[in-house]
There are 2 protein chains.
Amino acid sequence: MATPRKHTAQKVKPNTPCCGLVEELELLDTEAAALAVLFKALANPVRLQILDILSRHNGDICVCDIEGQFALSQPTISHHLGVLRRAGLVTKEQRGLWVYYSLRPEILAQAKEFLEGLTG
Amino acid sequence: MATPRKHTAQKVKPNTPCCGLVEELELLDTEAAALAVLFKALANPVRLQILDILSRHNGDICVCDIEGQFALSQPTISHHLGVLRRAGLVTKEQRGLWVYYSLRPEILAQAKEFLEGLTG
DNA sequence: GGCCTATATTGACAAACTTCGATATATCTG
DNA sequence: CAGATATATCGAAGTTTGTCAATATAGGCC
């Protein structure tokens with residue numbers, strides 16, 4: 001069966017969508033852009049591992065210890081932490097000479113809820 | 001208070017992590033890399049909108065109708081669908097001249113579960 | 001077979017990302 | 001204040017991504 005229901009149900013004109021679907025996008029451009037900012041920050045294995053470390057030492061591990069877990073330079077880890085912070089996924093707090101990053105669960109939840117909505 | 005507990009509890013030597021944390025990464029490189037593949041595929045607003053469309057017409061909307069929702073060229077949409085498929089987030093099925101993509105909930109769940117694990 | 005339509009692939013180009021070494025900033029210590 | 005340490009920023013090099021026009025592939029129809 002080569003022709004699905006929708007295509008036989010209405011005339012297919014050249015240069016128009018084959019099924020004539022005219023529905024608007026339900027996920028608006030602005031919403032999609034905001035979510036993409038979150039997923040972009042998650043789209044790197046080092047940052048995922050940093051988040052995993054933070055989740056197990058939340059607010060109680062300094063940047064230099066995070067650096068110690070990777071075979072990457074200090075500026076590179078600092079860069080990844082900056083990406084996470086600018087995306088809103090973590091906050092930073094300076095205590096003396098050391099800086100401590102913490103997860104922001106309410107922001108992580110936004111990404112999670114989008115995924116839940118897809119499979120709902 | 002400039003010196004947190006951990007730092008006073010043990011000697012800080014130069015050229016070593018300040019807190020002497022020696023714990024191994026719990027999220028292994030291979031796991032992080034596999035998750036990053038998923039999040040990379042999610043890290044684009046157009047692909048998020050495509051996933052949203054698929055979630056509401058799962059298996060019942062052809063590629064040309066997806067194209068009709070965007071002000072982007074046909075090859076660009078085809079490219080984004082390919083990214084989603086190679087990441088494992090969707091499958092494709094050809095019926096006659098048309099191609100239908102469907103979500104793979106079990107793969108989306110892997111990304112979701114990682115996020116849940118962080119805030120758990 | 002020959003034409004039309006739907007989708008994929010290719011090649012090119014600009015923009016964004018990842019990483020590093022070098023350097024700057026800021027805080028503590030003596 | 002001078003020196004040391006923790007972290008951030010800058011600038012450069014290489015890689016990846018997003019987009020398009022052009023072209024290829026493949027199925028259906030006459």
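Here is the naming used below: chain letters follow the sequence lines, and residue numbers restart at 1 for every chain. Reckoned from all heavy atoms, side chains included, excluding hydrogens, waters and symmetry mates. Keep in mind that this is a model prediction, so the values were computed, not measured.
- Side-chain nitrogen and oxygen atoms of Tyr101(A) include at least one within less than 4.0 Å of the OP1 or OP2 phosphate oxygen of dA8(D).
- When rounded to the nearest whole Å, the span between CG of Asp65(A) and C1' of dT7(D) equals 14 Å.
- Geometrically, Arg85(A) does not engage Tyr101(A) in a cation-pi contact defined by less than 6.0 Å to the ring centre and at most 45° from the axis.
- Place Pro75(A) and Lys40(A) on DNA chain D by their nearest nucleotides, and Pro75(A) ends up nearer the 5' end.
- Atom P of nucleotide dA26(C) and atom OH of Tyr100(A) are separated by 20 Å, given to the nearest angstrom.
- Remark: the backbone N or O of Leu27(A) is paired with a side-chain donor or acceptor of Gln49(B) at under 3.5 angstrom.
- Rounded to an integer number of Å, the gap from CZ of Phe39(B) to P of dT18(C) is 15 Å.
- Contact annotation: Asn44(B) side-chain N/O to dT17(D) OP1/OP2 distance is not under 4.0 Å.
- Between the side chain of Glu31(A) and the backbone N or O of Ala33(A), no donor-acceptor pair lies under 3.5 Å.
- When distances run from any side-chain atom of Leu97(B) to the nucleotides dT19(D), dT7(C), dG27(D), the shortest one goes to dG27(D).
- For the pair Glu67(B) CD and dT5(C) C1', the interatomic distance rounds to 12 Å; values are reported in whole Å.
- Phosphate contact (OP1/OP2 of dC20(C), side-chain N/O of Thr76(A), threshold under 4.0 Å): present.
- Proximity note for Leu72(A) (side chain, C-beta onward) versus dA6(C), dT19(C), dC20(D): the nearest is dT19(C).
- To the nearest angstrom, P of dT7(C) lies 16 Å from NE2 of His80(B).
- Separating the NE2 atom of His79(A) from the C1' atom of dG14(D) is a distance of 14 Å, rounded to the nearest angstrom.
- If you check every strand for non-hydrogen atoms under 4.0 Å, Ile77(A) touches nothing.
- The separation between Ile66(A) atom CD1 and dA8(D) atom C1' is 14 Å, rounded to whole Å.
- Applying the 3.5 Å distance criterion, the base of dA6(D) shares no donor-acceptor pair with the side chain of Gln74(A).
- To the nearest angstrom, P of dT7(D) lies 14 Å from CZ of Arg85(A).
- A pairwise comparison of heavy atoms in Leu35(A) and Gln110(A) identifies CD2-O, 3.9 Å as the closest pair.
- Nearest-nucleotide positions on DNA chain C for Arg47(A) and Gln94(A) put Arg47(A) closer to the 5' end.
- When hydrophobic clusters are built by joining Ile, Leu, Val, Met, Phe, Trp and Tyr residues whose side-chain heavy atoms come closer than 4.5 Å, directly or via intermediates, Leu115(B) is not grouped with Val83(A).
- Residue Lys92(A) places at least one side-chain N or O closer than 4.0 Å to OP1 or OP2 of dA8(D).
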